[in-house]
Amino acid sequence: GQNLEFPDNSHTKTMDPFVVVQVIGIPADRNVHVTPTVHDNGFNPIWNSSFEFNIYCPELALLHVQVIDKDETIEDTAIGYYCIAVNSMKEGYRHFPLKKIV
């Protein structure tokens with residue numbers, strides 16, 4: 001991640017982001033993985049995590065990525081998300097723009 005925007009309702013000066021990676025599709029394809037939290041780094045967090053998904057019906061599968069700010073005192077806050085059809089993905093994807101959650 002790079003230059004993550006603080007959520008509008010943020011109460012802190014630092015960010016502790018983690019990522020939820022989810023495959024949405026037929027029941028056999030549905031799966032969720034969560035990265036470890038990167039503490040005090042919303043500017044350039046590096047999760048250095050890899051996941052493997054078995055996808056049986058890629059024409060109906062979506063990859064949904066959501067970045068969340070972990071908060072120990074109040075509810076975790078969603079920072080942004082991106083969703084892409086698995087069939088549209090190309091080898092070597094590295095960056096994608098997060099959509100702001102309103």
Side-chain angles (χ1 to χ4, degrees):
Q2 295 173 330
N3 297 323
L4 299 177
E5 285 189 37
F6 275 91
D8 292 336
N9 60 348
S10 179
H11 296 91
T12 63
K13 297 207 183 303
T14 62
M15 196 179 301
D16 302 316
F18 67 95
V19 180
V20 177
V21 182
Q22 178 179 16
V23 174
I24 302 167
I26 65 170
D29 289 343
R30 293 180 194 154
N31 205 337
V32 177
H33 289 287
V34 180
T35 67
T37 300
V38 176
H39 297 283
D40 297 328
N41 189 352
F43 179 70
N44 189 29
I46 298 173
W47 291 280
N48 208 17
S49 299
S50 58
F51 308 113
E52 226 174 274
F53 296 99
N54 293 319
I55 299 176
Y56 301 98
C57 190
E59 54 275 359
L60 296 178
L62 299 171
L63 182 70
H64 183 267
V65 179
Q66 186 171 20
V67 181
I68 300 171
D69 182 18
K70 180 77 174 162
D71 197 321
E72 300 297 329
T73 58
I74 59 173
E75 193 173 307
D76 295 344
T77 306
I79 297 168
Y81 72 95
Y82 191 77
C83 193
I84 186 170
V86 169
N87 273 356
S88 297
M89 294 177 66
K90 305 281 187 234
E91 191 172 333
Y93 260 49
R94 298 288 188 267
H95 291 85
F96 45 83
L98 291 179
K99 307 291 183 191
K100 194 168 187 174
I101 297 174
V102 287

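In this chain, residues are counted from 1 in sequence order. Fair warning: this is a prediction, and the values are worked out from it, not measured in the lab.
- Taken from CD1 in Ile55 to CG in Asn31, the straight-line distance is 9.0 Å, to the nearest 0.5 Å.
- Not counting sequence neighbours, Asp40 has no partner by the salt bridge (charged side-chain N to carboxylate O under 4.0 Å, His left out) test.
- In this structure, Thr35 and Phe51 have side chains that are in contact, with non-hydrogen atoms separated by less than 4.5 Å.
- Residue His33 comes nearest to Glu52 through the heavy atom pair NE2-O, 3.8 Å, listed as atom of the first residue, atom of the second, then distance.
- When all heavy atoms are compared, the tightest approach of Tyr81 to Lys100 is CE2-O, 4.3 Å.
- If you take NE2 on His39 and CE on Met15, they are separated by 14.0 Å, rounding to the nearest 0.5 Å.
- Connection of Val34 to Leu62 is not established within any shared hydrophobic cluster, with ILVMFWY side chains joined at heavy-atom distances below 4.5 Å, either directly or through further cluster members.
- At least one donor-acceptor pair under 3.5 Å links the side chain of Trp47 to the backbone N or O of Pro17.
- Under the 4.5 Å side-chain heavy-atom criterion for Ile, Leu, Val, Met, Phe, Trp and Tyr, Tyr82 and Val67 are members of the same hydrophobic cluster.
- Cluster membership for Val19 and Phe96, using ILVMFWY side-chain heavy atoms within less than 4.5 angstrom, is shared.
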**OP:** For the pair Val86 and Phe53, evaluate side chain to side chain contact (heavy atoms under 4.5 Å, CB included) and give the outcome as yes or no after the intermediate values.
**Re:** CA-CA 11 Å; Val86 169; Phe53 296 99; over 6 Å; no
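- Listed for the Arg30 side chain is no donor-acceptor partner under 3.5 Å among the backbone atoms of Ile24.
- Taking CG of Asp29 as the start and SG of Cys57 as the end, the distance is 6.5 Å to the nearest 0.5 Å.
- Distance check, rounded to the nearest 0.5 Å: CD1 of Ile68 to CZ of Phe18 gives 4.0 Å.
- Note that CG of Leu63 is 9.0 Å distant from CD of Gln22, once rounded to the nearest 0.5 Å.
- When the side chains of ILVMFWY residues are joined at heavy-atom separations under 4.5 Å, either directly or via intervening members, Val21 and Val38 end up in a single hydrophobic cluster.
- Counting heavy-atom neighbours within 6.0 Å of Glu59 CD, excluding the residue itself, gives a total above 12.
- The CG atom of Asp69 sits 7.5 Å away from the CG atom of Asp76 when rounded to the nearest 0.5 Å.
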